[in-house]
Amino acid sequence: TQDIYLTELAEGKDTLDWEPIGHSVWKWGEETEYAYFRGIFDGDGHAIHNLYYGKGADFGDGFDPSDFDTELSDLDFSVWDKGLFCNVDGGTIKNLTLSNAMMSGASHAAMIAVFLTGNGTVSNCHVQGKMHGLQVSMGGIVSKNEGLVENCTAEIETDVAGMGGIVYENQTAGIVRDCSASGSIRCTAGGAGGIVVTNSGLIERSSASVDIQALYGTNGAQYNPRSAGGLVHTNNESGIIRECSATGNLCANGNGQIGG
């Protein structure tokens with residue numbers, strides 16, 4: 001077993017967009033075709049270099065995502081839900097590094113797994129790279145977590161709508177443990193958190209050293225202030241946070257709010 005080099009991320013070089021393992025197919029007005037990863041992916045301490053997905057959301061001419069009466073039938077849903085894996089249901093991903101990765105997309109995106117459900121686990125995974133997206137909920141490791149994310153690190157530079165350094169949404173059954181995030185987040189819609197944006201589960205023994213700019217958004221959201229939390233943006237009633245710490249610079253414009 002050895003490291004895997006997918007493509008060169010260099011100016012003037014052609015790059016191939018990665019198709020996630022266990023990826024759903026969205027079609028407006030039709031039933032979504034779901035695929036799931038339910039196995040074990042053990043990187044055995046090796047790295048995947050230059051993972052790349054560079055397509056952004058194409059909202060069409062004059063499309064305003066804040067207008068729910070907008071016609072959606074012609075939208076390109078192929079850029080939704082991008083990551084190394086998409087739907088991990090009861091599966092395990094462990095002992096893996098992503099180096100010099102680039103991930104874009106719409107709706108949800110993450111470096112390792114977009115959706116982690118069914119007691120799935122991501123452990124001892126480490127990512128370094130860049131993320132970009134419009135109207136997207138991004139996580140450095142996982143976007144929406146209902147499983148266990150432990151012993152993971154993320155070093156990310158972002159220019160995105162909403163971003164959590166490790167997880168975007170940690171749901172009631174979700175656990176984030178012994179993780180750390182570093183880098184910078186520029187948030188233009190939704191919210192930003194050094195570790196998690198919205199927490200309804202358990203976060204423990206985790207830390208963030210992330211510089212966050214919460215700015216007015218674009219594409220229909222320009223008048224809505226953004227907010228940021230050094231550790232968590234929103235901790236819901238069921239959310240538990242213990243033995244965690246956060247450092248880094250936070251700023252928000254307009255009436256945006258910031259908190260440690």
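Throughout, residue positions are numbered sequentially from 1 according to the sequence presented. Heavy atoms only: backbone and side chains are in, while hydrogens, waters and symmetry mates are out.
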Those residues that, when tested against Ser245, pass side chain to side chain donor-acceptor pair (under 3.5 Å) (two or more places apart): none
Using side-chain contact (heavy atoms from CB on, under 4.5 Å), reason through Leu116 and Lys144 one step at a time and then give a plain yes or no. CA-CA 6 Å; Leu116 185 63; Lys144 183 178 288 188; over 6 Å; no
Report the C-alpha separation of Ile212 and Asn249 in whole Å, then their side-chain angles, then the decisive distance to 0.1 Å, and conclude whether the side-chain contact (heavy atoms from CB on, under 4.5 Å) test is met. CA-CA 6 Å; Ile212 301 176; Asn249 299 310; over 6 Å; no
Only counting residues at least two apart or in another chain, list the ones meeting side chain to side chain donor-acceptor pair (under 3.5 Å) with Gln128. none
Test side-chain contact (heavy atoms from CB on, under 4.5 Å) applied to Leu98 and Leu84, Ile141, Asn50, the passing residue: Leu84
Separation between OH (Tyr53) and NE2 (His132), nearest 0.5 Å, reads 12.5 Å
Extract all donor-acceptor atom pairs below 3.5 Å that involve side chains of residues 175-183 and protein atoms in other chains or at least two apart in sequence.
from: Arg177; atom 1: NE; to: Glu204; atom 2: OE2; distance (Å): 2.6
from: Arg177; atom 1: NH2; to: Glu204; atom 2: OE2; distance (Å): 3.2
from: Asp178; atom 1: OD1; to: Arg205; atom 2: NE; distance (Å): 2.8
from: Asp178; atom 1: OD2; to: Arg205; atom 2: NH2; distance (Å): 3.2

Listed partners of Val197 passing side chain to side chain contact (heavy atoms under 4.5 Å, CB included), at least two apart: Tyr168, His233
Closest non-hydrogen contact found for Thr92 with Phe37 is O-CE2, 3.9 Å
Can you find a heavy atom in the side chain of Glu19 that is under 4.5 Å from one in the side chain of Lys82? yes
Give me each pair satisfying side chain to side chain donor-acceptor pair (under 3.5 Å) with a member in residues 110-122, each pair once, sequence neighbours excluded. Asp89-Thr117
What is the minimum heavy-atom distance between Asp81 and Pro20, and which atoms define it? O-CG, 4.0 Å
Looking only at heavy atoms, what is the nearest atom pair of Gly230 and Ala208, with distance? O-CB, 3.6 Å
Calculate, to the nearest 0.5 Å, the distance between atoms OG and CE belonging to Ser104 and Met138 respectively. 5.5 Å
Quick one: list whatever passes ring-ring contact (aromatic ring centres under 6.0 Å, His included) with Phe41, sequence neighbours left out. Phe85
For the residue pair Val142 and Ile166, establish whether any side-chain heavy-atom pair is separated by less than 4.5 Å. no
Show the nearest heavy-atom pair for residues Met103 and Ala110, with the distance to one decimal. CG-O, 3.9 Å
Measure the CG-OG distance between Asn199 and Ser238 for me, rounded to the nearest 0.5 Å. 7.5 Å
Suppose we screen for side chain to side chain contact (heavy atoms under 4.5 Å, CB included). Which residues come up paired with His126, at least two apart in sequence or across chains? Thr97, Asn124, Thr153
Kindly compute the distance separating CD1 (Ile93) from SG (Cys125), expressed to the nearest 0.5 Å. 6.5 Å
Is the closest side-chain heavy-atom distance between Asp211 and Ile185 below 4.5 Å? no
With side chains defined as the heavy atoms from C-beta onward, is the minimum distance between Val88 and Phe115 less than 4.5 Å? no
Taking side chain to side chain donor-acceptor pair (under 3.5 Å) as the test, write out the residues that go with Thr247, two or more places apart. Ser209
Does Gly147 offer a backbone N or O that forms a donor-acceptor pair with the side chain of Asn145 under 3.5 Å? yes
Separation between CD1 (Ile241) and CD (Glu243), nearest 0.5 Å, reads 13.0 Å
In this structure, would Leu6 and Met111 fall into the same cluster of hydrophobic residues linked by side-chain contacts under 4.5 Å? yes
Would Arg186 and Glu157 count as a side-chain contact (heavy atoms from CB on, under 4.5 Å) here? Give the steps. CA-CA 8 Å; Arg186 184 178 181 270; Glu157 294 181 14; over 6 Å; no
Sequence neighbours excluded, the answer for side chain to side chain donor-acceptor pair (under 3.5 Å) partners of Asp42 is Asn95
For residues Ile4 and His46, determine if any side-chain heavy atom of one lies less than 4.5 Å from a side-chain heavy atom of the other. no
Please determine whether residues Val114 and Leu148 belong to a single hydrophobic cluster, defined as Ile, Leu, Val, Met, Phe, Trp and Tyr linked transitively by side-chain heavy-atom distances below 4.5 Å. no
Asn236: side chain to side chain contact (heavy atoms under 4.5 Å, CB included) partners, not counting sequence neighbours: Thr198, Ser200, Thr234
Start with the C-alpha distance between Val167 and Ile195, add both sets of side-chain angles, then the distance that settles side-chain contact (heavy atoms from CB on, under 4.5 Å), and finish with yes or no. CA-CA 6 Å; Val167 169; Ile195 294 290; over 6 Å; no
In this structure, CD1 of Ile156 is separated from CE of Met163 (nearest 0.5 Å) by 5.5 Å
Distance-only donor-acceptor check, side chains His49 and Asp3, under 3.5 Å: yes
